[in-house]
Amino acid sequence: MSIKQIILGFFSLIGIAILTLFLVTGWYTVDESEQAALITFGRVDETITEPGLKFKLPWPIQTAEVLPVSTNSLRVGYETTEDGEVTEYNDEAKMITGDENILFVDLVVQWRITNPEQYLFNADDPENILYQASSASLRGVIGNSEVDDVLTDQRAEIEGTVLETLTALLEQYEIGVTVLDVKLQNVELPTEEVRQAFTAVTDAREERLTKINEAQKYRNQQMNEAEGEKDAVISRAEGQRAERVETARGEASRFTALYDEYVNEPEVTRERLVLETLQDVLPDTELYIIDSQQDTVNYLPIRPLDRQRGEAAIEDSTENSNSDNGEGGEGGETDGR
């Protein structure tokens, strides 16, 4: 075998090896729920997010690390079964509140890989760092809170504070992870006696709030009724005020017109006022015109027309009844005769 044949065989073997490496390591696939970091000589050159079959240079020149893009869950403070049921609390769940009470608190952290390069090269175990940061953030917030707030109506505020603290820590650590949400799962007291005592306190607090709400409701009802009555009184007063103002204006106009007539004819107006006043003061009194210059007292009664008509009708009916009785008497005498 010649040297030329040896060299040709050597290069043939190298070509076959390169072809084999390319066929074995020169391609990779990315699913819809995955992303890939293309690494060239230990450095991330590109992040692939589009799904499909991808090609690259063979190993050891380029490698591809496929990572999930879906949301992951991290449990802090408790162990679960495959069905998701809580089996037991671990040491991370034992916490002391700001008012020196012991609680068992567990947390679920929703997170996602957003920077593959930092996730792969900035930390040896990013999930463990995330776990420790979540536990530290939760302990810090619980340690500054009171037990009543944690067990009752301040859980949403506590979750928001834990999320802000954890996000700030992960920005400092730069492990390529973004926390989407945190949720408190179970918050329990250590013993049954303490639970019963706290339940009694909670029931008393709820009853107190119920009484306060009922009192506020009654107060609002009474206030609304008082406001309605006040508006009604004001409305009636405004109506009476408008009526009296208009009446006063009418009286003023009447007085002005009367004054103008008095200026033109004072004697006639004075006599007219006297007669109208007498008519108003003595409405049922008969008026007589008397001539006092004659020896014989002559008088002329002045009666209202309706009274005169009524008296005339009474006189006519009386005369008719008398005439009827007289005719009946004569007829009786004739019959007797």
Side-chain angles (χ1 to χ4, degrees), residues 97-99 101 141 144-161 163-164 183-184 187 195-290 300-314 317:
T97 62
D99 51 357
N101 286 284
V141 176
N144 292 325
S145 303
E146 296 183 357
V147 62
D148 292 346
D149 298 335
V150 180
L151 291 172
T152 55
D153 54 353
Q154 299 295 324
R155 297 184 60 169
E157 288 78 1
I158 292 173
E159 291 173 352
T161 306
L163 179 60
E164 293 177 359
K183 289 291 183 182
L184 292 175
V187 180
R195 293 193 192 101
Q196 292 178 358
F198 187 81
T199 301
V201 172
T202 304
D203 293 341
R205 182 183 294 108
E206 291 179 354
E207 185 177 358
R208 170 179 170 270
L209 294 176
T210 301
K211 295 297 184 182
I212 291 175
N213 293 333
E214 291 178 355
Q216 291 289 343
K217 180 180 178 181
Y218 178 76
R219 173 182 176 274
N220 294 334
Q221 182 180 358
Q222 295 297 320
M223 289 292 293
N224 292 334
E225 292 179 358
E227 289 292 336
E229 185 176 356
K230 182 191 74 173
D231 294 339
V233 171
I234 292 175
S235 179
R236 289 195 298 268
E238 291 291 338
Q240 293 178 1
R241 170 180 171 273
E243 180 182 359
R244 292 186 178 182
V245 168
E246 295 300 327
T247 302
R249 288 177 180 174
E251 293 293 335
S253 300
R254 177 176 174 276
F255 181 81
T256 302
L258 184 61
Y259 176 75
D260 294 337
E261 294 295 330
Y262 179 80
V263 171
N264 295 329
E265 296 291 341
E267 294 298 332
V268 175
T269 305
R270 186 182 296 109
E271 292 179 1
R272 175 187 169 190
L273 291 175
V274 171
L275 293 176
E276 289 180 355
T277 304
L278 290 175
Q279 185 178 359
D280 293 337
V281 175
L282 304 171
D284 297 330
T285 304
E286 295 183 356
L287 300 180
Y288 296 89
I289 298 176
I290 300 173
L300 176 63
I302 301 177
R303 300 184 180 92
L305 294 178
D306 54 352
R307 182 179 297 179
Q308 294 178 4
R309 292 173 183 175
E311 292 178 354
I314 293 173
S317 61

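Hydrogens, waters and symmetry mates play no part in the numbers below; they use all other heavy atoms, side chains included. As the structure is a computational prediction, the values presented were derived from the model and not from experiment.
Sorted by first then second residue, the salt bridge (Lys or Arg N to Asp or Glu O under 4.0 Å) pairs that include residues 243-268, not counting sequence neighbours, are E246-R249, E267-R270.
For Q222, the CD atom is densely surrounded, since the number of other residues' heavy atoms within 6.0 Å is greater than 12.
Atoms CD1 and CD, from I234 and E227 in turn, are 8.5 Å apart once rounded to the nearest 0.5 Å. Expressed to the nearest 0.5 Å, how far OG1 of T161 lies from CD of Q154 amounts to 9.5 Å. One distance of note links CD of E225 with CD of E229; it measures 9.0 Å at 0.5 Å rounding. Rounded to the nearest 0.5 Å, atoms CD1 (I212) and CD (E207) are 11.0 Å apart. Taken to the nearest 0.5 Å, the CG atom of D149 stands 11.5 Å off from the CG atom of N144.
Side chains of D148 and R205 form a contact here, defined as non-hydrogen atoms less than 4.5 Å apart.
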Before giving the answer on side chain to side chain contact (heavy atoms under 4.5 Å, CB included), spell out for R236 and V233 the whole-Å C-alpha distance, their side-chain angles and the decisive distance to 0.1 Å.
-> CA-CA 5 Å; R236 289 195 298 268; V233 171; 3.3 Å; yes
Please assess E159 against L163 for the test side chain to side chain contact (heavy atoms under 4.5 Å, CB included), listing each intermediate value before the final yes or no.
-> CA-CA 6 Å; E159 291 173 352; L163 179 60; over 6 Å; no
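Looking only at distances, no side-chain donor or acceptor of S235 sits under 3.5 Å from a matching main-chain atom of D231.
Taking each heavy atom of E146 and T97 in turn, the nearest pair found is C-CB, 4.4 Å.
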